[in-house]
Peer 1: 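The structure is given below, and queries will be raised subsequently.
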Number of protein chains: 2
Amino acid sequence: MDAITLHVELDSQNPHDGIEGSKMTKPSDNQGFIQPTLSGPSATLEASLSLAIHEHRLLPGTKLGEDELSDIFNVSRTVVRTALQSLSHSQLIDLKRNRGAFVAQPTIKEAREVFEARALLEPRTAHSAAERMTPDALAQLEAHIAAEHDALAAGEHGKALRLSGQFHIEISRIADQSTIAGFIERLVARSSLIIAIYWRRQSALCEKHAHHALVDAFRRKDGTEAEALMKSHLLDILTALDLRETSEPAGNLRDVLVP
Amino acid sequence: MDAITLHVELDSQNPHDGIEGSKMTKPSDNQGFIQPTLSGPSATLEASLSLAIHEHRLLPGTKLGEDELSDIFNVSRTVVRTALQSLSHSQLIDLKRNRGAFVAQPTIKEAREVFEARALLEPRTAHSAAERMTPDALAQLEAHIAAEHDALAAGEHGKALRLSGQFHIEISRIADQSTIAGFIERLVARSSLIIAIYWRRQSALCEKHAHHALVDAFRRKDGTEAEALMKSHLLDILTALDLRETSEPAGNLRDVLVP
DNA sequence: TGATCACCTATTGTATACAATGTTGCGCAC
DNA sequence: GTGCGCAACATTGTATACAATAGGTGATCA
């Protein structure tokens, strides 16, 4: 039930390449990190891994060997370990002692918890954001939606998924609540893992409409409407997940075998 | 405005001593860590530092030198760095590149944000906890309040403060929302720093009454009442802080000098 | 006497070597 | 043939040595 091989291609020569594209086109795109926790080489590594996870190039359960990563990025294991510890704190990866690092596999219970927490934080935050909305912030959100659309049109589903998550983070940043924004950032990150595991719709993530509606509410500075829209948007995502207990990988053997 | 010397005495021989007392008497007392992020020696170090910060033996701004800590705890700097990075993620310490680790000094803005986040999360969580309350959990909370009382009576203000914060964490754990509990844990930790900096009442933290009232509501499984009590309790703490802008250490020099 | 520059020291950042642990595969016994 | 146990291996945990950087201190010059 674990340890898918590391099948994603990570640029060995210049790890910056992977993020440079989006960074150049949109200055606001800081790879999903509101407040980078690290600096120096390990920050680059952390960003690359985080990006790959957000874009579903690294799937839940994938083992992230220290030697493997240090080879790929041409840094020492010390740097790799620093980055892995950081990602472990963001709950993007599980760090098992003497076993190694694995891309996290949120359980169904954790998935529910994540969306309960989001339901508690994000609607109110959207309300605040609407009230504090400025022309600049609005333009930024509109540009963001356009980028989402472009990515989807180009068939870059991973990038589109990451951008759609980042949309939520930018809203929380506009609300000028960096503490809550940090929490939402973590929740969005885990949501990406949850979607990777439990998404059931055949179609791609269709958040275009919901995000457009939100921006409309923001344009009118209609906090109440934004709050309601965010609430239903989160519910939409949640209902598109298959969180039936049966899809769990049989953690409780006895319950499965003894009727 | 920074770098108070490391004046706290940390047991060098057996770092476990500091936490052993409360751990033995109350099995539920896991030093404030709901889900320990580290394991091994660095976890011990992390726990000791976290404890010292929660009990205000380590004050905001205190520099935590790597060599100093590795001497005190008889571990290598590698282990120390791991613990410091972990604490940095909890925002209990600031890690400044090439400068070192300092016990965090939340700004006034951050202090407000922390309590806004708590106001968003904790009342609803208390509501859930009340509905899910079991006799065991209730007994645990009552024992916790008794421990708070004992610590206060013994003049152990630091311990009392830590326990009063932990009370909130235990409530969130009873609500069976580990994700939200993790957030509340972080918020409580930062609240401890905020109290260390901005507390203005001469008297000690008088949370006895509020916590008792909460337990009463829990006993009756009155979620609505618990929610309201928690809300006003948080407001009480907030109003006991001196968050006037003037007490900031003059970050904006121009505003101060040019009338 | 004051300020500026350069050097020096103290401290952190990184790499590597060694120790410890978990896993896997093979062989042996039953 | 199956199950157990041991041993070799791969991988992570820890310690230490070296490199790099920032801050402080002293000297020198205006």
Side-chain angles (χ1 to χ4, degrees), chain A residues 1-7 10 12-16 36-49 58 61-89 92-104, chain B residues 1-7 10 12-16 36-49 58 61-89 92-104:
Chain A
M1 68 177 187
D2 43 359
I4 304 159
T5 46
L6 193 60
H7 59 70
L10 294 162
S12 61
Q13 287 301 81
N14 182 5
H16 217 65
T37 47
L38 300 173
S39 49
S42 33
T44 307
L45 181 52
E46 184 190 11
S48 296
L49 288 173
L58 280 173
T62 307
K63 166 148 193 179
L64 303 170
E66 296 182 359
D67 278 325
E68 199 171 2
L69 291 173
S70 62
D71 280 350
I72 294 173
F73 288 92
N74 288 317
V75 290
S76 76
R77 274 182 52 223
T78 309
V79 173
V80 172
R81 285 176 70 79
T82 302
L84 290 179
Q85 278 166 23
S86 182
L87 290 167
S88 153
H89 274 281
L92 259 72
I93 67 174
D94 273 346
L95 226 45
K96 302 182 181 175
R97 189 174 177 85
N98 288 316
R99 295 276 319 278
F102 302 83
V103 178
Chain B
M1 68 178 185
D2 43 359
I4 304 160
T5 45
L6 192 60
H7 60 70
L10 295 162
S12 60
Q13 286 301 81
N14 183 4
H16 218 65
T37 46
L38 299 173
S39 48
S42 34
T44 308
L45 181 51
E46 183 189 11
S48 296
L49 289 172
L58 279 174
T62 307
K63 165 145 193 180
L64 303 170
E66 295 181 0
D67 277 325
E68 199 172 1
L69 290 173
S70 62
D71 281 351
I72 294 173
F73 288 92
N74 289 316
V75 291
S76 75
R77 274 182 52 224
T78 310
V79 174
V80 173
R81 286 175 69 79
T82 303
L84 290 179
Q85 279 168 22
S86 181
L87 290 167
S88 155
H89 271 281
L92 259 72
I93 67 175
D94 274 346
L95 228 44
K96 302 182 181 176
R97 188 174 178 85
N98 286 318
R99 296 277 319 279
F102 302 83
V103 179

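Reckoned from all heavy atoms, side chains included, excluding hydrogens, waters and symmetry mates. For clarity, every value in this text was computed on a predicted model and none was experimentally measured. By convention in this document, chain letters (A, B, ...) are assigned in the order of the sequence lines, proteins followed by strands, and residues within each chain are numbered from 1.
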Peer 1: In whole angstroms, how far is the P atom of D:dA19 from the CG atom of B:N98?
Peer 2: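 These atoms are roughly 16 Å apart.
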
Peer 1: Counting only side-chain heavy atoms from C-beta out, which of D:dA15, D:dT11, C:dA15 sits nearest to A:K63?
Peer 2: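 The answer is D:dT11.
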
Peer 1: Look at B:S76 and D:dA15 and indicate whether a side-chain polar atom (N or O) is within less than 4.0 Å of OP1 or OP2.
Peer 2: yes

Peer 1: Which residue lies toward the 5' end of DNA chain C, B:A101 or A:V79, if each is placed at its nearest nucleotide?
Peer 2: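 Closest to the 5' end, via its nearest nucleotide, is B:A101.
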
Peer 1: Applying side-chain contact (heavy atoms from CB on, under 4.5 Å), can you list everything that pairs with A:T78, at least two apart in sequence or on another chain?
Peer 2: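 For A:T78 the side-chain contact (heavy atoms from CB on, under 4.5 Å) partners, ignoring immediate neighbours, are A:S76.
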
Peer 1: Could you state the CD-P distance from B:Q85 to C:dT14, rounded to the nearest angstrom?
Peer 2: 10 Å

Peer 1: Report yes if at least one side-chain N or O of A:R99 is closer than 4.0 Å to OP1 or OP2 of C:dT23; otherwise report no.
Peer 2: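 Result: yes.
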
Peer 1: Drop me the distance from B:S88's OG to B:K96's NZ, to the nearest 0.5 angstrom.
Peer 2: 12.0 Å

Peer 1: Whole Å only: how far is the CZ atom of A:F73 from the C1' atom of C:dT14?
Peer 2: 17 Å

Peer 1: Between atom CG in B:L84 and atom P in D:dT14, what is the gap in whole Å?
Peer 2: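 Computing the B:L84:CG to D:dT14:P distance gives 14 Å.
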
Peer 1: Side chain of B:K63, backbone of B:R99: donor and acceptor closer than 3.5 Å?
Peer 2: yes

Peer 1: Measure CD/A:E66 against P/C:dT14 and give the value in whole Å, please.
Peer 2: 16 Å

Peer 1: Let me know the distance between CG of B:D67 and P of C:dG13, rounded to the nearest Å.
Peer 2: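 It is 12 Å, rounded to the nearest whole Å.
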
Peer 1: Taking for each residue the nucleotide of DNA chain D bearing the nearest heavy atom, is the 5' side occupied by B:V75 or by A:G100?
Peer 2: A:G100

Peer 1: How many Å lie between CZ on A:R77 and C1' on C:dT14, as a whole number?
Peer 2: 13 Å

Peer 1: Nearest 0.5 angstrom please: A:E46 CD to A:H89 NE2, how far?
Peer 2: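 NE2 of A:H89 is found 11.0 Å from CD of A:E46.
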
Peer 1: If each of B:S42 and B:R97 is mapped to the nucleotide of DNA chain D with the nearest heavy atom, which maps nearer the 5' terminus, i.e. the 5' end?
Peer 2: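 Counting from the 5' end, the first nearest nucleotide belongs to B:S42.
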
Peer 1: Taking only the side-chain nitrogens and oxygens of B:K96, find out if one of them lies under 4.0 Å from OP1 or OP2 of D:dG23.
Peer 2: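 So the side-chain polar atoms of B:K96 never come under 4.0 Å of the phosphate oxygens OP1 or OP2 of D:dG23.
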
Peer 1: Once you round to the nearest 0.5 Å, how far does CG of A:L87 lie from CG of A:L95?
Peer 2: 9.5 Å

Peer 1: Whole angstrom is fine here: how far is it from CD in A:E68 over to C1' in D:dA10?
Peer 2: 13 Å

